[in-house]
Structure formats: C-alpha cells, structure tokens
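All of these numbers come straight from a predicted model, not from anything done at the bench.
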Amino acid sequence: VFREEASHRISQLIKLGFLPQNAEVLASLFSRPFEGDVEIFPASSLADCLRLLTNPDAKSVAHCAKLGAKRTWPKINPIRLLCCIERTLEQCTRTAKKSLIEEDPNHLAFYTEELSPEVLGTL
C-alpha cells in the first residue's frame with residue numbers, strides 16, 4: 001500500500017509542477033516489484049527527512065539506530081522462515097538435478113556450474 005501511495009503522490013506532484021518531470025524516476029522506484037526481499041522502512045517524520053541534508057551527530061546516529069532496531073526485530077522470525085524455505089527449495093532443486101544426472105549422464109553438461117563440487121563428486 002505504501003509503494004502505491006508514494007508512487008501516486010509523486011506522480012501528482014509532477015503533474016502539478018511541484019516536482020520536475022525527471023522525478024518520475026522516484027515514482028518508478030516505488031512502483032517496481034520487490035519479489036523475495038524483506039523491506040524494512042523506518043518510521044520517519046518530516047524532521048527526519050530534513051536531517052538527511054545535514055551531517056549526523058552522535059545523538060542522531062543513536063536515534064536512527066534505535067529506530068532501525070525497533071523496526072527490524074519484529075521482522076527477524078519472518079526472515080528466518082523465508083530463509084529456511086529458500087534453503088529447502090534449493091536443496092530440493094539440487095536433489096532433483098542430481099537425480100536427473102544419475103538417470104541420464106548427458107544432463108551433467110547442463111548442471112555442472114550449478115551443482116557444488118561435493119554433489120558432483122558423488123556422481
């Protein structure tokens with residue numbers, strides 16, 4: 001929802017003349033798909049955006065680190081789950097490729113670069 005809203009607002013600001021036409025790049029940044037990635041956005045205010053234009057002091061760095069930690073920790077378990085699923089799918093893919101190669105050694109030419117030396121050593 002955030003991506004769509006941000007893209008829409010940027011497009012409106014361009015049409016109204018508050019942003020230059022080349023700011024369309026910003027809108028496309030928000031509208032492109034992010035598949036498989038975990039996105040963690042800080043809860044920021046207008047004051048935080050204005051601070052981007054200044055050199056940070058130790059207090060603001062600590063503040064940003066605290067905000068980042070508050071937004072990140074709730075995402076740790078979903079990230080672990082996604083990584084576990086990804087590793088399982090990779091293992092299943094390797095097993096399937098190994099089975100194909102064992103059935104017909106001609107398949108080896110297709111998968112040599114993708115399979116680890118350990119797996120190739122077992123063939």
Side-chain angles (χ1 to χ4, degrees):
V1 175
F2 170 77
R3 265 191 244 135
E4 293 149 359
E5 184 66 24
S7 180
H8 175 69
R9 296 295 176 203
I10 290 171
S11 295
Q12 283 182 328
L13 290 170
I14 291 169
K15 288 177 185 172
L16 292 171
F18 291 110
L19 287 176
Q21 195 66 31
N22 61 1
E24 193 68 42
V25 174
L26 282 174
S28 68
L29 179 71
F30 288 107
S31 63
R32 71 178 186 192
F34 291 93
E35 295 179 14
D37 294 331
V38 177
E39 300 171 17
I40 302 173
F41 292 103
S44 56
S45 64
L46 181 60
D48 292 330
C49 292
L50 294 175
R51 273 191 223 114
L52 291 174
L53 303 173
T54 63
N55 286 330
D57 58 4
K59 184 178 177 182
S60 64
V61 170
H63 171 72
C64 290
K66 184 178 176 182
L67 287 177
K70 278 177 79 172
R71 297 290 289 207
T72 302
W73 279 109
K75 309 275 187 191
I76 295 297
N77 283 332
I79 291 170
R80 277 194 188 120
L81 180 61
L82 289 172
C83 289
C84 184
I85 291 169
E86 183 176 347
R87 282 192 299 270
T88 301
L89 289 172
E90 287 174 354
Q91 180 61 40
C92 291
T93 303
R94 278 194 301 272
T95 302
K97 288 177 183 177
K98 184 179 175 187
S99 296
L100 280 173
I101 293 168
E102 288 171 349
E103 286 177 20
D104 183 1
N106 292 327
H107 286 108
L108 183 61
F110 295 109
Y111 301 120
T112 302
E113 293 177 10
E114 297 175 31
L115 294 174
S116 67
E118 296 85 29
V119 172
L120 289 170
T122 64
L123 299 175

S.K.: Just to verify, what does R80 make a side-chain hydrogen bond (donor to acceptor under 3.5 Å, both in side chains) with, not counting sequence neighbours?
M.R.: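 Expected list: N77.
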
S.K.: Kindly write out the residues that satisfy side-chain contact (heavy atoms from CB on, under 4.5 Å) with T88, not counting sequence neighbours, or none if the list is empty.
M.R.: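 With neighbours one apart ignored, the set is C84, C92.
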
S.K.: Enumerate donor-acceptor pairs with a distance under 3.5 Å from any side-chain N or O in residues 57-71 to protein atoms, sequence neighbours excluded.
M.R.:
unit_1, atom_1, unit_2, atom_2, d
D57, OD1, S60, N, 2.8
D57, OD1, S60, OG, 2.9
S60, OG, D57, N, 3.1
S60, OG, D57, O, 3.0
R71, NE, F41, O, 2.8
R71, NH2, F41, O, 3.0

S.K.: Restricting to side-chain contact (heavy atoms from CB on, under 4.5 Å), what partner residues turn up for L16, sequence neighbours left out?
M.R.: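 In terms of side-chain contact (heavy atoms from CB on, under 4.5 Å), with neighbours along the sequence ignored, L16 is linked to F18.
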
S.K.: Please identify each residue that fulfils side-chain contact (heavy atoms from CB on, under 4.5 Å) with L89, with sequence neighbours left out.
M.R.: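 With neighbours one apart ignored, the set is I85.
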
S.K.: With sequence neighbours excluded, what pairs up with E90 under the side-chain hydrogen bond (donor to acceptor under 3.5 Å, both in side chains) test?
M.R.: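 Partners of E90 by the side-chain hydrogen bond (donor to acceptor under 3.5 Å, both in side chains) criterion come out as none, since no residue qualifies.
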
S.K.: Can you tell me how far the CZ atom of R87 sits from the CD atom of Q91, to the nearest 0.5 Å?
M.R.: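 Going from CZ on R87 over to CD on Q91, the span is 11.5 Å.
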
